[in-house]
Amino acid sequence: MLQTAPFFVTFFLYIFRLLFRNPPPKPLRRSLSLSHPYAAVHSGTKTTYHKFTSLRRNDDDHPISPTTAVIIDVEGALLKSTSMFPYFMLVAFEAGSLVRAAVLLLFYPFLRLLTLAGGHGGELELKLMVFISFIGLRQKDFSVGSSVLPRAFLSDVALEAFEAAKGGGGGKVVAVCGKLPRVMVESFLKDYLEVEFVVARELRVVGGYFVGALEEDSGGSAGEVVRAIGGDGDDRPVGIARFSRDLDDHRIFSLCKEIYLVRRADKASWRNLPRDKYPKPLIFHDGRLAAVPTPLSFLALLVWTPFGLLLAAARLAVAITLPYTFSVPILYFSGFRTVITQTATSPPNSSAAAAAAAAETAKKKGQLYVCNHRTLLDPLYLSFTMNRKFTAVTYSLSRVSELLSPIPTVRLNRDRVRDAEMMDRLLGRGDLVVCPEGTTCREPYLLRFSPLFAELTDEVVPVAMDVHVDMFYGTTASGLKCLDPLFFLLNPRPEYYIRVLDPVSTGLRSSGLATGPSRYDVANRVQRRIGDALGFECTKLTRKDKYMALAGNEGIHYNR
């Protein structure tokens, strides 16, 4: 029995090689060694090969001139990871379903076996990952490449490779992808890394749907790039590629006057590109998975999900049915962690008349709390931690969330006059919570605050909020909003950080609009106060900007 096992493995691999046979790769004209630079001839031109370490010999003498174009291998040099599996897993889960992602994970050991078998194993692994991840997806609805994958790619960019490609100056940068299809990488490379040209393989489409197969090559796009960058003699581009790569797979590398080869040992010591060096800041992104899914982490997610659903149901039942005194400690022991800091609540310095007016107003009205927006549960968590009954006003809330909410919720109409009258009535009944950003933001940025709250009372209490999750995001721009609380509760150990800040005087009711500060000034002041407390950057971006970037609409009707 044991003697027949190698036969079946060999036979199985032989059948798959017949099905996915490719023409043998063209060998390099000369074998390469990194013991010293070698020269090879491509189409009558001389190309010199170097170690990558010689490219960064010192910061003051960069070998690449400011006008030289750079051709960089994305998988082999720009990204630190040597496995493309996590990116295809993101496509399978976010654009497909949990079942599709589970199938891809099930095939992962077999994919690794194909790669370790040598020969064309790497190409077979790629084709199977493409097939499982893309087959049946609708082309016009595929937005993962622009809304989900850029965050994963940016977290994997090597600082050394990025500086080598962009550090030469204003020369054009050409990104070459041998494995990742264009629909997965183009938005990340052009929008976030400011790459001028992308050479990548296309996916086959039939009737508007991906069929899970790659086109044989990217010769057409490579030809366009060749004509665009041009260059002869000393103006020829410089290439950065991995050492084990067959450079003839992409004929564009034959244009290079020099190619700097990256070894796996080089990448092992490289650093990740820090956030402050992103050419374009990553503010908006979508998707449910909070971490890039490696095989082990996604296996853990699959094992946890059945238990997580039961735990989420129990957490929800406790929050809805039990008083705060009992629900808060029970939620804590279920894995919830809440850190609350409350500063002095004395009113800020003001004139005697303004203070008297504020005191008189306070007798008649409740307190207005102004929060930044991280999840739909922000008002609920504030109510739990402060042990007070609030009314929450929101711009967008699903019917299911309204029914399940243990605190009163009121939806705004986006009509300034009507919304102001409604909020004024609610303040007359008790304390009110509002999130003037109008939508959630996952990254350390604050969106522009709507100034409506500044007209309602002489004093508002800013509340700074931050959230940490380990498996799932509890927000979405293109999915079902009614599932947002469920995904948040599915996390094993979600964490909320709440800081109640000193009250801010608006001065609008007591001093009047003519002489007091404008409502925009008040909104900006509250935004800066919360941003400083959290260490977040304030922006002028709005809800519309977020939904146009992630979902292609203004997000007004996303109340499902």
Side-chain angles (χ1 to χ4, degrees), residues 78-79 81 84 86-96 101 133 137 141-157 162 180 183-195 272-294 297-298 301 372-376 396 437-448 465-481 483-484 487-488 490-491 494 534 536-555 558:
L78 184 62
L79 300 178
S81 175
M84 299 298 106
Y87 307 118
F88 286 103
M89 177 59 77
L90 281 174
V91 174
F93 183 86
E94 303 291 0
S133 302
L137 298 182
D141 294 336
F142 185 81
S143 61
V144 171
S146 59
S147 62
V148 177
L149 289 173
R151 178 183 68 94
F153 285 129
L154 283 170
S155 66
D156 196 28
V157 172
F162 177 77
L180 297 169
V183 293
M184 292 177 62
V185 297
E186 187 167 42
S187 178
F188 150 68
L189 292 169
K190 289 188 173 181
D191 296 343
Y192 290 94
L193 294 190
E194 299 177 349
V195 171
N272 293 99
L273 182 68
R275 180 183 293 273
D276 59 0
K277 290 187 179 293
Y278 290 178
K280 176 185 175 181
L282 176 69
I283 300 178
F284 301 129
H285 58 85
D286 206 8
R288 291 295 190 183
L289 296 182
V292 179
T294 62
S297 67
F298 195 78
L301 182 146
N372 64 305
H373 205 3
R374 306 304 280 179
T375 76
L376 291 176
S396 177
E437 286 180 288
T439 188
T440 57
C441 183
R442 298 173 176 177
E443 296 299 316
Y445 297 92
L446 293 182
L447 307 186
R448 191 183 71 188
M465 289 193 168
D466 198 9
V467 173
H468 173 74
V469 293
D470 38 18
M471 279 192 180
F472 300 101
Y473 283 117
T475 61
T476 183
S478 57
L480 294 173
K481 285 192 174 296
L483 297 180
D484 285 358
F487 275 100
F488 183 79
L490 270 173
N491 288 286
L534 294 170
F536 288 3
E537 182 178 342
C538 298
T539 73
K540 295 183 179 180
L541 299 173
T542 64
R543 171 193 175 90
K544 179 179 178 180
D545 296 319
K546 170 187 170 178
Y547 279 90
M548 289 301 296
L550 299 181
N553 59 68
E554 297 184 8
Y558 268 74

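Of all heavy-atom pairs between P279 and E194, the closest is CB-CD, 3.7 Å. Nearest approach of R288 to T475, heavy atoms of both residues: NH1-O, 3.5 Å. Taking each heavy atom of T375 and H373 in turn, the nearest pair found is O-CE1, 3.0 Å. For the residue pair A101 and A92, the shortest heavy atom distance occurs at CA-CB, 3.9 Å.
E94 contributes no side-chain N or O that, together with a main-chain N or O of V144, makes up a donor-acceptor pair within less than 3.5 Å. In terms of modelled atom types and a separation under 3.5 Å, the side chain of K546 and the main chain of T440 share a donor-acceptor contact. Although no hydrogens or angles enter the test, the distance criterion places a donor-acceptor pair under 3.5 Å between the side chain of N272 and the main chain of S155. In terms of modelled atom types and a separation under 3.5 Å, the side chain of S133 and the main chain of F88 share a donor-acceptor contact. Side chain of R151 to backbone of V292: no donor-acceptor contact under 3.5 angstrom is found.
Between the OG1 atom in T539 and the CD atom in E443 there is a gap of 12.5 Å [rounded to 0.5 Å]. Annotation: the span from T542 atom OG1 to L447 atom CG amounts to 7.5 Å, rounded to 0.5 Å. In this structure, R374 CZ and C441 SG are separated by 6.0 Å, a value rounded to the nearest 0.5 Å. To the nearest 0.5 angstrom, L483 atom CG is 6.0 Å from F487 atom CZ.
Counting heavy atoms from C-beta outward, R275 and P444 have side chains that approach closer than 4.5 Å. Inter-residue side-chain proximity for D466 and F536 is flagged as met; some heavy-atom pair is nearer than 4.5 Å.
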Item to check | side-chain contact (heavy atoms from CB on, under 4.5 Å) assessment of L289 paired with L301 | outcome: CA-CA 10 Å; L289 296 182; L301 182 146; 3.6 Å; yes
Checklist entry - What's the verdict on side-chain contact (heavy atoms from CB on, under 4.5 Å) for F188 and V157, showing C-alpha distance, side-chain angles and the deciding distance? => result CA-CA 11 Å; F188 150 68; V157 172; 3.7 Å; yes
Next on the checklist: Show, in sequence, the C-alpha distance, side-chain angles and deciding distance for F284 and L541, and conclude whether the side-chain contact (heavy atoms from CB on, under 4.5 Å) test is met.
Outcome noted: CA-CA 10 Å; F284 301 129; L541 299 173; 3.8 Å; yes
Checklist entry - Under the side-chain contact (heavy atoms from CB on, under 4.5 Å) criterion, do V91 and F142 qualify, and how do the steps go? => result CA-CA 9 Å; V91 174; F142 185 81; 3.8 Å; yes
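If you look at Y473 and H285, their ring centroids are closer than 6.0 Å.
With a 6.0 Å radius and a threshold of 12 heavy atoms from other residues, nucleotides or ligands, K280 has its NZ atom above the threshold.
Salt bridge present: R442 and D286 bring a charged side-chain N and a carboxylate O closer than 4.0 Å.
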